[in-house]
Amino acid sequence: LLLSGVLVLWACARIRPLERLLDGIITRGLERMAHLEVMDFEEMLHLDKGYTVATLPLANGSWLLDKNLNEMALGDEGILILNVERKSGVIIGTPSPTTRLSDGDRIMVYGLAPDLARLRRRDAGEAGDNDHEDARKRQRLRMVEERAVDRIADSEEASDHDQDPQ
C-alpha cells in the first residue's frame, strides 16, 4: 500500500498534464480554505528573463564588507538585497540602508545572473570600486534600452487602438 502511494505521488510529479491539473486543484483549494493568494514567484520575478535570486557568502576581502547598504548603492547596478543572514544565524528580513555587512554574513540578492556572479567575485579596494562603476554604467544602459522598448510598445499599442474600428 505504501509503495503504491509513493508511485502515485511520483507519477503526479513527473507527468506534466497531471501536475498542472493537480496544481490548479490545490491552488483553488488553498485560496478557498485559507484565503491566500497563491503566486508563481518564478513568473513574478521574471526568472525566465535572466533574473535570479542567489545567496552570496561574504568573506574577508569582499568589496561588500564594512559598508552599509546605502554606501554600496547596489540598486544602481540593478541588484536588490532581499535579506541578510548574520554569522550568528539571525536573519534581517528587511535590511535598512544603514545595515552594515560583516565577514561571515550571507546576503540574498536579486538581479541578472551575470551581474550577481560578478558581484560574488568582486574584491575590495580600487578594483572593486571600478567594477562597481562599470556595473552602474551597464545598468544605466539597460534602463535606457528598457525605456525605449517600453515606449515602442506603448506607441504600437496606441497605434493599434487608433486603428481599431469600434
Side-chain angles (χ1 to χ4, degrees), residues 10 12-16 19-20 22-24 26-27 30-31 36-160:
W10 178 82
C12 291
R14 303 300 270 167
I15 301 170
R16 285 282 187 213
E19 179 185 7
R20 283 193 291 273
L22 289 175
D23 279 350
I26 292 168
T27 298
L30 285 173
E31 287 171 344
L36 296 175
E37 182 180 343
V38 179
M39 294 185 216
D40 182 350
F41 287 100
E42 188 171 331
E43 182 179 320
M44 185 176 74
L45 294 172
H46 303 288
L47 299 182
D48 61 332
K49 299 202 176 10
Y51 287 90
T52 190
V53 175
T55 301
L56 306 181
L58 305 182
N60 196 18
S62 170
W63 181 83
L64 297 165
L65 293 179
D66 302 321
K67 295 181 175 110
N68 68 41
L69 301 186
N70 194 44
E71 292 169 320
M72 287 181 230
L74 291 177
D76 292 351
E77 297 185 36
I79 296 173
L80 301 176
I81 295 184
L82 303 176
N83 72 34
V84 176
E85 181 181 351
R86 296 293 189 196
K87 188 176 188 177
S88 66
V90 170
I91 294 178
I92 302 171
T94 53
S96 74
T98 59
T99 301
R100 291 187 89 73
L101 300 179
S102 304
D103 188 18
D105 288 349
R106 293 164 41 103
I107 56 173
M108 183 176 291
V109 292
Y110 169 77
L112 288 169
D115 295 342
L116 298 182
R118 279 190 287 274
L119 180 62
R120 180 187 303 264
R121 295 187 306 268
R122 188 177 298 164
D123 291 327
E126 188 177 342
D129 292 340
N130 291 337
D131 188 51
H132 173 63
E133 286 306 314
D134 290 344
R136 292 174 73 182
K137 289 175 188 172
R138 282 191 301 274
Q139 176 61 14
R140 281 193 295 270
L141 287 173
R142 256 195 308 267
M143 290 175 64
V144 168
E145 290 172 4
E146 288 171 357
R147 285 188 196 118
V149 169
D150 190 41
R151 280 191 211 109
I152 291 168
D154 283 349
S155 66
E156 287 176 354
E157 186 177 298
S159 175
D160 289 345

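Scope of the values below: all heavy atoms of this structure, side chains included, with no hydrogens, waters or symmetry mates.
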(request) Not counting sequence neighbours, list each pair that qualifies as a salt bridge (charged side-chain N to carboxylate O under 4.0 Å, His left out) and has a residue in residues 65-77. (result) Glu71-Arg100, Asp76-Arg136, Glu77-Arg122

(message) For Arg118 and Asp115: C-alpha separation, side-chain torsions, deciding distance, then whether salt bridge (Lys or Arg N to Asp or Glu O under 4.0 Å) applies.
(response) CA-CA 5 Å; Arg118 279 190 287 274; Asp115 295 342; 2.7 Å; yes

(request) Taking all non-hydrogen atoms of both residues into account, name the closest pair between Ile81 and Pro95 and its distance. (result) CG2-CG, 4.1 Å

(message) Measuring only between side-chain heavy atoms, which start at C-beta, is Val84 closer than 4.5 Å to Arg86?
(response) yes

(message) So does Ser96 get a backbone contact from the side chain of Thr99, meaning a donor-acceptor N/O pair under 3.5 Å?
(response) yes

(request) Could you give me the CA-CA distance, side-chain angles and deciding distance for Leu82 and Val53, then say whether side chain to side chain contact (heavy atoms under 4.5 Å, CB included) is met? (result) CA-CA 9 Å; Leu82 303 176; Val53 175; 4.1 Å; yes

(message) Considering only residues two or more places apart or on different chains, which pairs with a residue in residues 74-100 satisfy ring-ring contact (aromatic ring centres under 6.0 Å, His included)?
(response) none

(request) Over all heavy atoms of both residues, which pair between Arg120 and Pro57 is shortest? Give the atoms and the distance, please. (result) NH1-CD, 3.6 Å

(message) With rounding to the nearest 0.5 angstrom, report the OG to CG distance, Ser62 to Asp105.
(response) 10.5 Å

(request) Quick one: do Asp103 and Leu58 satisfy side chain to side chain contact (heavy atoms under 4.5 Å, CB included)? Show the steps, please. (result) CA-CA 6 Å; Asp103 188 18; Leu58 305 182; 5.8 Å; no

(request) Working to the nearest 0.5 Å, report the span between OH of Tyr110 and CD1 of Ile79. (result) 11.5 Å

(message) If I take atom OG1 from residue Thr55 and atom CZ from residue Arg106, how far apart are they, to the nearest 0.5 angstrom?
(response) 5.0 Å

(request) Drop me the distance from Asp123's CG to Asp131's CG, to the nearest 0.5 angstrom. (result) 9.5 Å

(request) List the steps, then state whether side chain to side chain contact (heavy atoms under 4.5 Å, CB included) holds for Arg142 with Leu112. (result) CA-CA 11 Å; Arg142 256 195 308 267; Leu112 288 169; 3.4 Å; yes

(request) Find the distance between CG (Leu80) and CD1 (Ile107) and round it off to the nearest 0.5 Å. (result) 11.0 Å

(message) Using every non-hydrogen atom in the two residues, find where Ala73 and His132 come nearest and quote the distance to one decimal.
(response) O-CE1, 3.6 Å

(message) If the test is side chain to side chain contact (heavy atoms under 4.5 Å, CB included), which one of Leu74, Thr98, Leu101, Leu64 qualifies with Leu69?
(response) Leu101

